[in-house]
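Note on naming: letters A, B, ... go to the chains in the order of the sequence lines (proteins, then strands), and numbering restarts at 1 for each one.
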There are 2 protein chains.
Amino acid sequence: MDVKTLCLGLLTFGDATGYEIKKAFQDRLSMLYDAGYGSIYPALNKLTTEGLVSCRTMAQSKRPDKKIYSITLDGQIAFLKEMERAPASDKFRSETLATLMFAHLLPASHVSKVIDDLIKSYEDNIEVLSGECDMKQSLSEKFLCGYGIAVKKSAIQYMQDNRHLIEAEALLGEQAAE
Amino acid sequence: MDVKTLCLGLLTFGDATGYEIKKAFQDRLSMLYDAGYGSIYPALNKLTTEGLVSCRTMAQSKRPDKKIYSITLDGQIAFLKEMERAPASDKFRSETLATLMFAHLLPASHVSKVIDDLIKSYEDNIEVLSGECDMKQSLSEKFLCGYGIAVKKSAIQYMQDNRHLIEAEALLGEQAAE
DNA sequence: AACACTTATATCAAATCGATATATATCGGG
DNA sequence: CCCGATATATATCGATTTGATATAAGTGTT
């Protein structure tokens, strides 16, 4: 599943410009798939040449002309076919946790700060999601929102309960360096 | 933090070939950062030209010559400097959950299967991690392992408790299609 | 004997990321 | 009323990453 497929999927909710698709990625999928202009605009161009979306240009004075994309019948078929395929396994990437794998080389104070910041960012994220969750119209979006909250809460809990392990490693490293 | 930086980090644990670094990514970091040969070999080449690692070639008959990389003093300094920078925020990508955001367009049976498969893959992963967790030598690796288990357990719990939301959406979609 | 897995290198096209460029409108605060 | 921040709207571009492929031989299993 690539950006092209997800653009198709988002267009099933209605016509949109590239800019609006970017927003839809943020509003509906940001938790599990983020895409920037650098991948969205090329994707829409390819989809257009493949005939999976159509594009009409709306002239605007004083602004770049709007290009409004619509999914075609071929596009709907292609999208459903893509959805039949087994999805790739989930991927998680955390620079913070990667940093912590080298805690024994780092000052204990820095390690503690990095953990504090991560917990803080999760807490902030939970707060945002909690606010959004109730406003979501569809059940699937509620599900996703709740998923994010549940997973992040358990991550915070784990970090609070076990951060001493990492902090101990950093302290040991500092002593060894002396 | 890119593959280059993480190669440097892994080389702080001892000299290694590109092949061994790939394994180290799998053994130590797979949960939070996976890299393939296509990024590791170019990374090692760049690090070598930058003088952050050195490389000695061990001739082997009947096999490609081993190239054993060692981190240099410059490399150690560069790595620690990189570790000082604030890590980017965590990224999560799930094709399965992305699929579920379009549940209203899919057969309910397919939606259920996708959820079953995801729960199964998490359960398998937890089992593997549980086995590895005890064998890990360092506290930081234990921490990471435990993190993976805790987060995936809560994800399974949430999906079991709330999958009916998504499955309801798929059923509604099927009815609407009639 | 057959088959799969491990060791070991490396490249390449395609996809993606992250930053940047361009231009105007709008909206709130000082 | 002006200033800065945010929103609208396009797009490109270098650097990085992904995922597949190629090569070649040893090792282990049934």
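- Applying the side-chain contact (heavy atoms from CB on, under 4.5 Å) test to B/N125 and every residue at least two apart in sequence or in another chain returns B/L129, B/K152.
- For the pair A/K22 and A/Y37, the cation sits on the ring face: its NZ or CZ lies under 6.0 Å from the ring centre, inside 45° of the axis.
- When heavy atoms are screened at a 4.0 angstrom cut-off, A/T17 is found touching the sugar-phosphate backbone but no base atom.
- Under the side-chain contact (heavy atoms from CB on, under 4.5 Å) criterion, B/A43 pairs with B/V3, B/K4, B/C7, sequence neighbours left out.
- Terminal axes of the helix from C/dA1-D/dT30 to C/dG30-D/dC1 (five pairs each, C1' rotation axis) are separated by 50°, to the nearest 10°.
- Within the nucleic acid shown, B/G38 comes within 4.0 Å of at least one base atom, counting heavy atoms only.
- With sequence neighbours excluded, no residue satisfies side chain to side chain donor-acceptor pair (under 3.5 Å) with B/E127.
- Not counting sequence neighbours, B/Q160 has no partner by the side chain to side chain donor-acceptor pair (under 3.5 Å) test.
- Using a 4.0 Å cutoff on non-hydrogen atoms, the parts of residues 22-34 of chain A near DNA chain D are A/K23, ordered by number.
- Contact annotation: B/Y19 side-chain N/O to C/dT7 OP1/OP2 distance is under 4.0 Å.
- In this structure, the side-chain contact (heavy atoms from CB on, under 4.5 Å) partners of B/F13, at least two apart in sequence or on a different chain, are A/F102, A/H104, B/L10, B/R28.
- Residues satisfying the side chain to side chain donor-acceptor pair (under 3.5 Å) test with B/Y158, not counting sequence neighbours, are none.
- For B/D116, the side-chain contact (heavy atoms from CB on, under 4.5 Å) criterion is met by B/R163, not counting sequence neighbours.
- Atom pair A/K66:NZ and C/dA25:P shows a separation of 15 Å (rounding to whole Å applied).
- For the pair B/I68 and B/R93, both in contact range of DNA chain C, the more 5′-proximal nearest nucleotide belongs to B/I68.
- Checking C/dT9, D/dT18, D/dA11 against every side-chain atom of A/Y37, the shortest atom distance belongs to D/dA11.
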Test salt bridge (charged side-chain N to carboxylate O under 4.0 Å, His left out) on A/K142 and A/D134 and set out the steps.
CA-CA 7 Å; A/K142 276 187 204 293; A/D134 302 325; 5.7 Å; no
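- Looking at heavy-atom distances under 4.0 Å, A/K67 makes contact with sugar-phosphate atoms alone, never a base.
- We find that CE of B/M1 is positioned 13 Å from P of C/dG18, with the value rounded to whole Å.
- Legend: residues meeting side chain to side chain donor-acceptor pair (under 3.5 Å) with B/S154, ordered by chain and number and at least two apart, are A/S154.
- Residue pairs satisfying the ring pair (Phe, Tyr, Trp, His ring centres under 6.0 Å) criterion with at least one member in residues 108-132 of chain B, sequence neighbours excluded, are absent.
- Which of C/dT16, C/dG18, C/dA8 sits closest to the side chain of B/K91 comes down to C/dG18.
- Atom pair B/Y69:OH and C/dA10:C1' shows a separation of 10 Å (rounding to whole Å applied).
- B/D2 has its CG atom 13 Å from the C1' atom of C/dG18, to the nearest Å.
- At a non-hydrogen distance threshold of 4.0 Å, A/Y41 from residues 41-53 of chain A come into contact with DNA chain D.
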